[in-house]
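One structure below.
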There are 2 protein chains.
Amino acid sequence: MAKILVVEDDRVLRETVEYNLRAAGFGVVTAATGDEGLKACAAERPDLILLDVLLPEIDGFRLCDEVRKTNQDVPIIMVTALGSEEDKLRGFSLGADDYLTKPFSMKELLARIRANLKRAKVEAIRESAVIEIGDLRVDPSRFAVTVADRPVRLTVKEFQLLVLLASHPEDVFDRRVLSDKVWGYDFVGSSRTIDSHVWKLRTKIESESSYRYIHTVVGLGYQFRPEAKHEHSE
Amino acid sequence: MAKILVVEDDRVLRETVEYNLRAAGFGVVTAATGDEGLKACAAERPDLILLDVLLPEIDGFRLCDEVRKTNQDVPIIMVTALGSEEDKLRGFSLGADDYLTKPFSMKELLARIRANLKRAKVEAIRESAVIEIGDLRVDPSRFAVTVADRPVRLTVKEFQLLVLLASHPEDVFDRRVLSDKVWGYDFVGSSRTIDSHVWKLRTKIESESSYRYIHTVVGLGYQFRPEAKHEHSE
DNA sequence: ATCCGCGTGACACGGATTTGACACCTTCTT
DNA sequence: AAGAAGGTGTCAAATCCGTGTCACGCGGAT
């Protein structure tokens, strides 16, 4: 299930939100200050950030800005006291994805969180541009993949896996992240499912290629990194 | 880059939107009232209009209506306070192309704008160019379709589907996009509806043709790609 | 009233997805 | 260094799901 970072200085509200999110099955990491929030974001790599505007040290806007510098994709929901229209605008222009006004109900909070998580999943795939790496070419809008100019037929899951990996070269994706992004946050299946798809994807794109693209990082997950195939003369 | 007219009375929101649109590379013209908006529309001939529903003098609905009298084609995105479903329907009936609910993120706004501009391009093609691919010929302005020089009778929905698909060969359209474009944004129906129409369209244009045009992309949607029937070269 | 286009549901088929079994490999332990 | 333990590659079999297909009912148009 998705991991959510809650950045909120008010202890009571923070714990209430945490309790409710956990009850709804989410993983929760909390931070009381902007500084902590920024660190937690880097360390925990949450799937979504719930961010209070009014924070000690670094305020929500700056935090939002900082986070966006290193992570373009994570959905951010800003929380503010009621009716501050200017804050709202400022937040949006800095890259928040959604906005929530205090007081809010847990029902609404959960609805917004789910909506934003869902959006993050599909958007990543459909919006991305053509990817060209090595002799591999991926055209998301046409659902087309070629290896050394030869078309390769992929299934939807294989395609989504490939786009996710290839659009973040060098990044290591663990199985949870892969299943969250490709299968959705509510997916519960054996890890063999992912391995199996990765294997099929490999056979399809690497057999005809002079590169190896998908690398296994044992104990962690998979990584996209083009590497010329060559006779191992070690 | 496209020119966008922003009609919005709230100064902060107007300037924020303007700033962000410019940052994204769009040309921007703004208007604070419905009157100004109408004049700006005539004078500047924007490629897209972002229109707040609540405006002094002339409200968004009337403005939308007025604009449509002189300019059938320009995409209009209506903006309203959250959750007013009635407004939404009213907006659509007056010719708005899309609807955005406050508060919205800049990310979402940009996505919608791009989507609508792209769609407008499809429309433009539809208005002007005759599509000739394989033994298929589509004359959008005359509502005429021939296969191997034989006229084919299509219904309106079938025709719209065909024009949409055929004017973007190779592009994969998912069911969501198809229903948005052909049926309208407020359409909520079973996916079988689309399948059913695609099937009928296929039987009509492919039975007499030596090509297969409409391909299924399992798990995603449909794609227009002329392919000679006998040879299976995939 | 009749016709025609549209939307929906039922059914079946085939490909996509998932699972499980086994072999192999990596890392840790002693 | 060697074995243990757990992670991963491999692939076939089983299952699931999406889609093709088409009949039927509704409602607006003629």
Side-chain angles (χ1 to χ4, degrees), chain A residues 121-122 125 143 145 152-165 172-184 186-207 212-225 229 232 234, chain B residues 143 145 152-165 172-207 212-225 229 232 234:
Chain A
K121 179 199 160 196
V122 280
I125 310 289
F143 190 70
V145 176
V152 176
R153 274 191 60 147
L154 297 184
T155 68
V156 177
K157 291 270 188 290
E158 289 158 6
F159 188 78
Q160 290 177 323
L161 261 181
L162 178 58
V163 171
L164 180 58
L165 290 169
V172 176
F173 290 85
D174 65 38
R175 288 180 172 67
R176 189 185 68 84
V177 173
L178 291 175
S179 90
D180 285 351
K181 299 274 185 197
V182 175
W183 277 262
D186 49 351
F187 173 78
V188 271
S190 65
S191 85
R192 314 314 344 268
T193 299
I194 293 170
D195 296 355
S196 181
H197 280 90
V198 169
W199 173 70
K200 272 190 251 168
L201 180 55
R202 274 178 170 153
T203 60
K204 287 185 179 180
I205 65 172
E206 292 182 353
S207 64
R212 293 188 55 228
Y213 290 107
I214 299 171
H215 299 261
T216 303
V217 182
V218 179
L220 285 177
Y222 297 98
Q223 175 196 37
F224 187 92
R225 172 164 50 83
K229 286 181 187 171
H232 274 271
E234 307 178 37
Chain B
F143 192 75
V145 176
V152 175
R153 265 197 72 185
L154 297 184
T155 68
V156 176
K157 291 267 186 288
E158 288 158 6
F159 186 76
Q160 288 179 316
L161 261 180
L162 179 59
V163 171
L164 180 59
L165 289 169
V172 175
F173 290 85
D174 62 36
R175 289 181 172 66
R176 170 79 195 291
V177 173
L178 290 176
S179 90
D180 282 356
K181 183 54 206 154
V182 176
W183 278 262
Y185 285 92
D186 48 349
F187 174 77
V188 271
S190 66
S191 80
R192 319 303 293 116
T193 300
I194 293 170
D195 296 355
S196 180
H197 283 268
V198 168
W199 174 69
K200 276 186 240 164
L201 179 56
R202 273 177 172 156
T203 60
K204 288 185 180 178
I205 65 172
E206 291 182 354
S207 63
R212 292 188 55 229
Y213 290 107
I214 299 171
H215 298 260
T216 303
V217 181
V218 179
L220 279 178
Y222 297 98
Q223 175 195 40
F224 187 92
R225 171 164 51 84
K229 268 179 181 173
H232 277 276
E234 299 193 46

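Below, read A as the first sequence line, B as the second, and so on, with proteins coming before strands; counting in each chain starts at 1.
In this structure, CZ of Arg153(A) is placed 11 Å from C1' of dA16(C), rounded to the nearest angstrom. Rounding to whole angstrom units, CZ of residue Arg175(A) and P of dT19(C) are separated by 14 Å. Straight-line distance from the NZ atom of Lys200(A) to the C1' atom of dA12(D): 11 Å, rounded to whole Å. Atom NE2 of His197(A) and atom C1' of dT8(D) are 16 Å apart (whole Å). Atom-to-atom, CG of Leu201(A) to C1' of dA16(C) comes out at 15 Å; the value is rounded to the nearest Å. Atom CZ of Arg202(B) is separated from atom P of dT21(D) by 7 Å (rounded to the nearest Å).
For Thr155(A), taking side-chain heavy atoms from C-beta onward, the closest of the listed nucleotides dG5(C), dT8(C), dA16(C) is dA16(C). Across dG20(D), dG9(D), dA16(C), the shortest atom-to-atom separation from the side chain of Val218(B) is found for dA16(C). In this structure, of dT8(D), dT19(C), dT21(D), it is dT21(D) that holds the atom nearest to the side chain of Asp195(B). Of the candidates dT10(D), dT19(D), dT17(C), dT10(D) carries the atom nearest the Trp199(A) side chain, counting heavy atoms from C-beta on.
Regarding contacts with the backbone of dC6(C), every side-chain N or O of Trp183(B) stays at 4.0 angstrom or more from both OP1 and OP2. Taking 4.0 angstrom as the limit, Tyr222(B) places none of its side-chain polar atoms (N or O) nearer than this to OP1 or OP2 of dG18(D). Residue Ser190(A) has a polar side-chain atom (N or O) positioned under 4.0 Å from OP1 or OP2 of dT19(C). Of the side-chain N and O atoms in Thr216(A), none sit less than 4.0 angstrom from OP1 or OP2 of dG7(D). For Arg192(B), no side-chain nitrogen or oxygen approaches OP1 or OP2 of dG7(C) to under 4.0 Å.
Residue contacts for Thr193(B): at a heavy-atom cut-off of 4.0 Å it reaches a base atom on one of the strands shown. Among the protein residues, Lys157(B) comes within range of the sugar-phosphate backbone only, with heavy atoms under 4.0 Å from sugar or phosphate atoms but none that close to a base. Within 4.0 Å (heavy atoms only), Val198(B) reaches no atom of the nucleic acid at all. Among the atoms of the strands shown, base atoms are found under 4.0 Å from some heavy atom of Ser196(B).
Nearer the 5' end of DNA chain C, as judged by each residue's closest nucleotide, is the contact made by Glu158(B), out of Leu154(A) and Glu158(B). Of the residues near DNA chain D, Val217(A) and Thr203(A), the one whose nearest nucleotide (by heavy atom distance) lies more toward the 5' end is Val217(A).
The backbone N or O of His197(B) lies less than 3.5 Å from no partner atom in the side chain of Lys157(B), so there is not a single donor-acceptor pair. At least one donor-acceptor pair under 3.5 Å links the side chain of Lys204(B) to the backbone N or O of Arg153(B). In this structure, Gln223(B) contributes its side chain and Phe173(B) its backbone to no donor-acceptor pair below 3.5 Å.
Salt-bridge check for Lys200(B) with Glu158(B): failed, with every basic side-chain N at 4.0 Å or more from each acidic carboxylate O.
A donor-acceptor contact under 3.5 angstrom links the side chains of Arg202(B) and Thr216(B), judged on distance only.
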